[in-house]
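Residue numbers begin at 1 in each chain, while the letters A, B, ... track the order of the sequences.
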Amino acid sequence: MTDILSGLNPAQKEAVETIQGPVLILAGPGSGKTRVITHRISYLAKVCGVSPRHIMAVTFTNKAAKEMQERLSVLAQSAARDITMGTFHAICARILRIDGKTIGIDTGFVIYDQDDQVSLVKRAMLALNLDPKQHSPNAVLNQISQAKSQMLAPADYIKLGRSYFEELCGRVYERYQELLKTSNALDFDDLLMRTVELFRKHKDVLDSYQARYTHVMVDEFQDTNLVQYELVKLISGKYRNLCVVGDPDQSIYSWRSADLRNILNFEKDYPDAKTIMLEQNYRSTKTILDAASAVIAANRQRKLKQLFTENEQGAPVTLAEAYNEAEEAQFVANEIEKLAGRGEAKLGEIAVMYRTNAQSRALEEAFIRYGTAYRLVAGTRFYERKEVKDVIAYLRIIQNPADDISLMRIINVPTRGIGERTIADLSAWARSREISIYAAIHELAENLTEKPLFNPRTTKLLSDFHGMIEEFRKQSAELPLLKLFDRVINRTGFQEYLAAMPDGEDRLDNVMELRGVAQDYNDLPPGEALPALLEGIALVSDVDGLSESGDAVTLITLHQAKGLEFPVVFIAGMEEGILPHIRSFDDPAQMEEERRLCYVGITRARRRVYLVRAFRRAMMGSSNVNAPSRFLKDIPDSLTSGARPWKAEQVKLHRREVELQAEPDVDVNQELTELKAGDAVRHTKFGEGVIISAHPVRGDMEAIVAFKDVGVKKLLLSFAKLEKVE
DNA sequence: CGAAAGGCTCTTTTT
DNA sequence: GAGCCTTTCG
C-alpha cells in the first residue's frame, strides 16, 4: 500500500488519501491528475477495502474510461471491471435501460445523435407549419438543448419565453418531445435529464443507487453542466463522498451548456469541502508553461493557481507565419520532416492542433504530398457518412420499428418506388393517429384499415417493405449479429445500390468497416448484440478511436486534445477570426473561452510548441486576410523565436521566397511556373484569355483563367494546353 | 417516380 | 468547397 502513495508529492498524496466527504481537486495541466485519480481508486479498493462495485468514476470520454481501467493494474482485472466507469451519457444510458421503465421509457429505446436531432426538429417544425428556412433548425435545437440542460420541460420553457423566437422554440420543443416519445427515442440531453427525473420521482430507485455508490468521482468537472452536477449530487447524496477534479482554466465546453459555476460554486454547495490544489507541472518545459500562463493571465473569470515546474527551461516557442493555409500546412509538414530527420521527435510524438475541423484539409494534403504518416482524430465522422448512417438506420428499425427518423431515412433507400407523396401521406396519417410511421405501415400491410389509403400498387410496395422488415426482426432474435448484418445488406439490395454509385467502392468499404465494428459484438447472444452495438455507436466520441499504435502525426481539434499530451505540439491558424474564433468577438465570456482553448493547446506540449499563422486563409469558398491572433501578442518575446512582428511587406517577401522554392518531391515544370497572373494566354479549345491567378498545387500549377468566350475556368497547367500570348 | 443538374447555405467546438 | 435541397426532365 505504500507503493500506492510513493512517488506522489504532498498535494497529490493528500488528494489520494482524502476519501471522506466532498473534495475539490483543482488540477493544473500536467499536474498528474490522472495519476491521482487512478491512485485514489486503488487506494480506496486496496487500502480502505471499498468494494469496486461501490465506486463510480465519471470520465469525459470513453477512451479516458478505458485507459483508466487499464491503469488500475494494482487491482485484478475483474475488480477493475466492477467499477462503474464511463461518460455521463453512457452511465445514464445504462441506468435508463434498467430502470427507465419506471418513468415510462421503453427499454428498447434508441439514442438520437446530433444528426437525428436536427431531422427531428425539422419534422417538428414542418408539423407546426414553421418554415425551417426562416429559422434554422440548428438554432432551434440549440435552444431546446439549453432548456434541457437546465431541466426545463417544454411547459416550463414556454412560461419563460420572452422573445418571439423563444416562444417559437417552445412550441417546437413540445412537439419535438412528442416525436421522440412516439419514436421511442432519447436524445443526448434526455439521457441526463430523464435520469434526474427518474431519481426525483422514484425515491426507491434513487435509494438503491445511493446505497450502492459510496464513492463518486468526476473528472473534467469544469466541463459539466447543471444536470450532470445535479446527477452526481443525487447519486452521492447518501454518503457524500464526492470527489470532483477539474481546472477552470480548461473549461472549453460552455457552448454545450457546461457551466463554470459548477466548479466555482462547489465550495458553496459543500461548505465542508476540502480543496486541494495540484500546482506542480510535470509535463512541460518552463518556457512552455510560462507562455501558456501568459496567455491565460488575461482572463478575469479565474480561480488563481500558482503553477510551477522543476523541468528545464527548454526551447523557445517557435512562431511562424505563412502566406495562406496551403503554405502553412507545408511549413508544418516540412518542419515535422526536419524534426523526424534529426531524430528529435518521432511522428507519433507530434500533434497538429487547430480550432476548426475544416482546417485539417490543407494539413492532410500537405502530409500526403510529403508522404508523412498521419492520423486524423474524427471517429464519429465515420458514423456520419450517408451509407453508414443508412445501414445503422436499418439496424435501428429492426430493434425499434417506432424510430421514425431512421425509417424515413431508409424507406426508399435503395429506391423501391415509395415516393415523396406516399411518404408525406403516410406520415400525416400516422401523426393524426399518434402512432409511428412503421405502425401505420403495419396496419396497411395487415389490411387493418377500413378503406384503402393508397392505390394497389403503392400498397403492395409498402407491404413488401413491411414484410422485409418483419423478416429481419424475426431473424434478429435468432441469428448472430454478423449474419443479420449480411442479410440486411443483401436482402435490401444495399450492396448493389452502393456498387452502382461512382464512389461505390469507398462507400462499400465504409459499410464493411461498420461490419467490423459489429464483429466486436458478434459473440453476444442474438437478442443482446444489436442493442449493444447501437448503444456503442451512439455514444462513441471522436478521441475514442485514437490509438497509440503506429508512428503517425496526430491531427486533432483543440477541443479533442483536452486531456492528452504530446512531446511536440503545433497549433495552426493562430489568427484573429480563427483562434479566437470570429463568433466570440462580441461576447467577452466567449472570448475568455477562446483564450482557455489556446491555453489547453499550449499546455498539451512537453518539449516543443510551434504557433503558426497564415496571412490569408480560404474559408467557405472565399479568401480572407486575417490579423495575427491577439494571444500571440500576450506571449513575451523572451519566450519565443521566429517571425515577429508581422508586416504585410514581410509576408509578401516570404511569399516570393516560397514560390521560388522547388516543391519537395516533384519538380515543377519550369515553363509552367513562368505563367503568372496577368499573362495573356491562348487555349486550344477555350480560345484567348487572361490568367487571374496561379498557384502551386501538388507539384503542379493551378491557374484560374478568364476566357473571352467561355468565361472563367480553373485549369491544371500540366494538362491544359496553354500558350503564352505576347 | 427517379436521376441529374443547378443553386443554396453553412462550419466552431461534440457527448 | 461540400453537402443538401429544389428544380427539371425523362
Side-chain angles (χ1 to χ4, degrees), chain A residues 58-65 86-93 111-115 117-119 122 132-133 136-139 141-142 145 148-149 186-192 220 223-225 227-228 251-258 325 353-362 365 377-381 383-386 389 412-423 455 457-458 461 500-502 535 537-544 556-562 573 577-585 587 590 593-594 596-598 600-601 618-623 714:
Chain A
V58 187
T59 57
F60 197 69
T61 61
N62 300 302
K63 180 173 181 262
T87 63
F88 274 107
H89 293 89
I91 290 173
C92 288
I111 299 167
Y112 274 0
D113 64 19
Q114 174 91 21
D115 230 48
Q117 291 182 55
V118 173
S119 307
K122 269 189 215 159
K133 268 176 283 177
S136 135
N138 258 313
L141 178 61
N142 202 22
S145 177
K148 288 186 172 190
S149 300
L186 300 182
D187 67 14
F188 282 131
D189 298 308
D190 281 344
L191 292 174
L192 309 170
E220 306 285 4
D223 283 320
T224 53
N225 66 29
V227 187
Q228 291 168 331
S251 162
I252 54 176
Y253 281 93
S254 73
W255 50 274
R256 218 170 74 186
S257 304
E325 72 278 358
M353 303 179 183
Y354 36 83
R355 176 67 235 262
T356 66
N357 282 304
Q359 288 172 256
S360 70
R361 168 167 306 246
E365 281 171 6
V377 179
T380 63
R381 302 277 168 268
Y383 294 104
E384 282 166 19
R385 286 167 201 271
K386 245 194 316 271
K389 284 220 80 166
N412 202 29
V413 177
T415 51
R416 48 175 73 91
I418 303 175
E420 212 177 314
R421 186 62 185 280
T422 309
I423 294 172
N455 62 43
R457 196 185 90 93
T458 309
L461 289 169
M501 301 177 92
E535 183 156 320
I537 289 172
L539 298 175
V540 278
S541 64
D542 286 317
V543 282
D544 292 344
I556 192 170
T557 67
L558 287 160
H559 282 89
Q560 292 166 340
K562 189 178 70 158
I578 303 289
L579 183 66
H581 195 270
I582 190 161
R583 297 271 279 249
S584 65
F585 281 6
D587 181 349
Q590 290 230 43
E593 184 148 315
E594 297 292 307
R596 293 194 290 269
L597 204 44
C598 184
V600 165
M619 294 175 69
M620 277 193 286
S622 61
S623 172
K714 209 187 263 181

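Annotation: dT6(C) and dT11(B) have their C1' atoms spaced 22 Å apart (nearest Å).
Under a 3.5 Å cut-off, the side chain of Asn62(A) and the backbone N or O of Gly86(A) do not form any donor-acceptor pair. The backbone N or O of Asp587(A) lies less than 3.5 Å from no partner atom in the side chain of Gln590(A), so there is not a single donor-acceptor pair. Put simply, the side chain of Asp223(A) gets close to the backbone of Tyr253(A): a donor and an acceptor are under 3.5 Å apart.
Centre separation under 5.5 Å together with a plane angle under 30° does not hold for the ring of Tyr253(A) and the six-membered base ring of dT14(B), so they are not marked as stacked.
Rounded to whole angstrom, the span from the CG atom of Leu192(A) across to the P atom of dT15(B) amounts to 13 Å. Here the P atom of nucleotide dT13(B) and the CE atom of Met353(A) are 16 Å apart, to the nearest Å. Atom CD of Gln359(A) is separated from atom P of dG1(C) by 16 Å (rounded to the nearest Å). The NZ-P distance, from Lys133(A) to dT6(C), rounds to 5 Å in whole Å. As rounded to whole Å, 11 Å separates atom C1' of dC1(B) from atom CD1 of Ile423(A). The CG atom of Asp115(A) sits 13 Å away from the C1' atom of dT14(B) (whole-angstrom rounding). When rounded to the nearest whole Å, the span between CD1 of Ile418(A) and C1' of dG2(B) equals 14 Å. In this structure, Met619(A) places its CE atom 15 Å from P of dG1(C), rounding to the nearest Å.
Between dC1(B), dT14(B), dT11(B), one nucleotide has an atom nearer to the side chain of Arg583(A) than all others, and that is dT11(B). For Arg421(A), counting side-chain heavy atoms from C-beta on, the closest listed nucleotide (dT6(C), dT13(B), dC1(B)) is dC1(B). The side chain of Lys386(A) lies closest to dC4(C), out of dC1(B), dT15(B), dC4(C). In the set dA2(C), dG2(B), dT14(B), dG2(B) carries the atom at the smallest distance from any side-chain atom of Asn412(A). Here the nucleotide nearest the side chain of Thr87(A), chosen from dA2(C), dT13(B), dT15(B), is dT15(B). Distance from the side chain of His559(A) is smallest for dT13(B) among the nucleotides dT15(B), dT13(B), dT6(C). The side chain of Arg361(A) approaches dA2(C) more closely than any other nucleotide in the set dA2(C), dC1(B), dT14(B).
An OP1 or OP2 oxygen of dT13(B) is reached within less than 4.0 angstrom by no side-chain nitrogen or oxygen of Gln560(A). Note on Asn225(A): every side-chain N or O is 4.0 Å or more away from OP1 and OP2 of dT15(B). At the phosphate of dT15(B), neither OP1 nor OP2 sits under 4.0 Å from any side-chain N or O atom of Thr61(A). Taking only side-chain nitrogens and oxygens, Lys122(A) comes nearer than 4.0 Å to OP1 or OP2 of dC5(C).
Residues Gly417(A) and Leu461(A) share a closest heavy-atom pair of O-CD1, 3.4 Å.
Among the heavy atoms of the strands lying under 4.0 Å from Thr422(A) are primed sugar atoms or P, OP1, OP2 only; no base atom is included. The residue Gln590(A) sits close to a base: some heavy atom pair falls under 4.0 Å. As judged by a 4.0 angstrom heavy-atom cut-off over every strand, Glu593(A) is placed among residues making no nucleic acid contact.
Distance CG/Leu579(A) to OH/Tyr354(A): 14.0 Å, rounded to 0.5 Å. To the nearest 0.5 Å, atoms CG (Asp189(A)) and CZ (Arg256(A)) are separated by 9.5 Å. A distance of 13.5 Å separates CG of Leu558(A) from CZ of Arg596(A), quoted to the nearest 0.5 Å.
Each of His581(A) and Arg416(A) has a nearest nucleotide on DNA chain B; the 5'-most of these lies closest to Arg416(A).
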Dot-bracket, 5' to 3', for DNA chain B please: Watson-Crick or G-U pairs under 3.5 Å, [ ] where pairs cross earlier ones, | where the partner sits on another strand, dots elsewhere. ||||||||||.....
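Remark: the Asn412(A) side chain and the Thr415(A) side chain contain no N/O donor-acceptor pair separated by less than 3.5 Å.
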Hey, mind stepping through Lys389(A) and Asp113(A) against salt bridge (charged side-chain N to carboxylate O under 4.0 Å, His left out) and telling me if it holds? CA-CA 11 Å; Lys389(A) 284 220 80 166; Asp113(A) 64 19; 3.2 Å; yes
I'd like a list of close polar pairs between nucleotides 3-10 of chain B and the protein, N/O only, cut-off under 3.5 Å.
none

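Two residues are said to be in side-chain contact when any heavy atoms from C-beta on lie closer than 4.5 Å; Ile252(A) and Glu220(A) fail this criterion.
Both tests hold for Lys562(A) against Phe60(A): distance to the six-membered ring centre under 6.0 Å, angle to the ring axis within 45°.
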